[in-house]
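The structure appears right after this line, and notes come after that.
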Amino acid sequence: KDSVKIENETPLSITAVTQIAKAKCSGSSDGSATVTIANGVAPFTYTWDNAETNDTATALDTGWAVVNVTDACTTLKHSVKIEYETPLSI
């Protein structure tokens with residue numbers, strides 16, 4: 001008899017969510033962050049709390065940004081704090 005071995009894919013994991021650029025000032029929406037994933041089953045979708053849908057979000061406000069990453073089997077949620085540039089002082 002022939003046999004077939006069925007293996008499960010390694011589960012999706014978020015390996016990092018990293019702030020790329022600080023927002024220019026408090027309340028501005030110009031901070032950015034990227035999410036890095038490993039494993040999982042394609043296709044992958046990304047949904048940030050500001051409605052961006054790529055692995056990198058570029059219009060993030062200061063505060064906590066949340067990203068949901070979905071593969072064919074599961075959805076994971078992670079957050080990253082977006083800080084702002086040090087204000088000008090006199």
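The analysis underlying the following values was restricted to heavy atoms, covering all of them including side chains, and did not include hydrogens, waters or symmetry mates.
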Identify all side-chain donor-acceptor contacts of residues 34-46 below 3.5 Å with residues at least two apart in sequence or on another chain.
from	atom 1	to	atom 2	distance (Å)
Thr34	OG1	Asp55	O	3.3
Thr34	OG1	Thr56	OG1	2.8

Would you give the length of the straight line joining atom CG of Asn68 to atom OG1 of Thr53, rounded to the nearest 0.5 angstrom?
12.5 Å
Find out whether Trp64 and Lys81 are in side-chain contact, i.e. whether some heavy atom of one side chain is under 4.5 Å from a heavy atom of the other.
yes
Looking only at heavy atoms, which two atoms of Thr62 and Ala23 are closest? And how far apart?
CG2-CB, 3.6 Å
Where Glu85 and Lys24 come nearest, the two heavy atoms and their spacing
CB-O, 3.7 Å
Ala16 and Thr18 have their tightest heavy-atom pair at CB-OG1, 3.9 Å
Side chains of Thr70 and Thr75: is there a donor and an acceptor less than 3.5 Å apart?
yes
Might you point out which heavy atoms bring Asn54 and Trp48 nearest each other, and give the distance in Å?
O-NE1, 2.8 Å
Mind listing the closest non-hydrogen atom pair of Ile82 and Ala33 along with its distance?
CD1-CB, 4.1 Å
Side chain proximity check, Thr58 to Glu52, heavy atoms < 4.5 angstrom
yes
Side-chain contact test, heavy atoms from C-beta onward, threshold under 4.5 Å: evaluate it for Asn50 versus Leu60 and give yes or no.
yes
